[in-house]
Amino acid sequence: MIGIFDSGLGGLTAYRELHTLLPDEHYVYFGDTGRVPYGSRSHEILLKYTRQDINFLISKGADAILAACGTVSSVVLDEVKGEYNVPIIGVVDASSAEALAATKNGIIGVIGTGATVSSGAFEKKLKAGGADEVVSVACPLFVPLVENGYIARDCEVTKLVARDYLEKIKASGADTLILGCTHFPIIADIIADELPNVTLINSGAAAAKAVAKTVSTAGGNKSEFYVSDSPVNFDAVARIFLGGDTVAAKKIDIEKY
Ligand code: DGL
């Protein structure tokens, strides 16, 4: 079984890709909706949340885990990974490699949460891989907008926020942009409308491809979804994002793990 976790809906961007690549797998998804957002949390709190999320997925029988959260992947994953006997894959490496392969002018933009941008994790990887310039912008408001369903391409509120956040990326001349928070691909069309000639790299999908290449578990062809607060909103937005598939998430008490 492959376990996937995020602070909320964002990891579904990785789940959707992974499910397409490995449709016969058994997936357990955990969205920590009771404690979203992660992107404004301290290192210490992120360590605690990440360990609890992983412990929960292992308690469900995960043989491999995708940390489908840019914040967790950037800030604490290297520290936590070694504590477990199952492979745990984050979103930084694969999306950085995709961006480096895609850029023609060597200028790469990164958008993510505040914690992700402050960590410099993407920037470090990209510079080590030969990027000439990396322009990073924190876009924290995208997270609650997605969690609250402000995801339609013509949503004026999200469009306005996107215009403001993406101005610096536009001005930099970046030809490639990493959506370094897994919530952001859910509003990829709004971002693309703002940056029409820029190649967007979906960090969750890139990581899912890496998982599909390296992981093979017992399978089982089913998906289970768990959240740490009321599932109502999660189910509704997840359903739109997953193209109409019914999602019936169950609530768990993550503090027990
Ligand atoms: N989707 C997560 C990320 O990729 C977390 C967003 C948040 O909770 O702030 O960073």
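We count ligands from 1, going down the list as the structure has it; atoms in each ligand are counted the same way.
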Asker: Answer yes or no: is there an ion pair linking E255 with K48, defined by an N-O contact shorter than 4.0 Å?
Answerer: yes
Asker: So, S119 side chain and T116 main chain: donor-acceptor pair closer than 3.5 Å or not?
Answerer: yes
Asker: List, one per line, each side-chain donor-acceptor pair under 3.5 Å for residues 152-162, sequence neighbours excluded.
Answerer:
unit_1	atom_1	unit_2	atom_2	d
R153	NE	D193	OD2	2.9
R153	NH2	D193	OD1	2.6
T158	OG1	Y150	O	2.9

Asker: Between the main-chain N or O of S7 and the side-chain N or O of D32, is there a donor-acceptor pair closer than 3.5 Å?
Answerer: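 Looks like no, no N/O pair under 3.5 Å.
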Asker: Side chain to side chain contact (heavy atoms under 4.5 Å, CB included) with V117: which residues, sequence neighbours excluded?
Answerer: S136, A138
Asker: Between the protein and ligand 1, are there any N or O atom pairs that come within less than 3.5 Å of each other, and if so, what are their names and distances?
Answerer:
unit_1	atom_1	unit_2	atom_2	d
ligand 1	1 (N)	D6	OD1	2.8
ligand 1	1 (N)	D6	OD2	3.3
ligand 1	1 (N)	T182	OG1	3.0
ligand 1	1 (N)	H183	ND1	2.7
ligand 1	4 (O)	G70	N	2.5
ligand 1	4 (O)	T182	N	2.8
ligand 1	4 (O)	T182	OG1	3.2
ligand 1	8 (O)	S7	OG	2.6
ligand 1	8 (O)	Y38	N	2.6
ligand 1	9 (O)	Y38	N	3.2
ligand 1	9 (O)	G39	N	2.8
ligand 1	10 (O)	G70	N	3.4
ligand 1	10 (O)	T71	N	3.0
ligand 1	10 (O)	T71	OG1	2.6

Asker: Apply side chain to side chain contact (heavy atoms under 4.5 Å, CB included) to D235 and list each qualifying residue two or more places apart in sequence or on a separate chain.
Answerer: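 Residues passing side chain to side chain contact (heavy atoms under 4.5 Å, CB included) with D235: P231, V247, A249.
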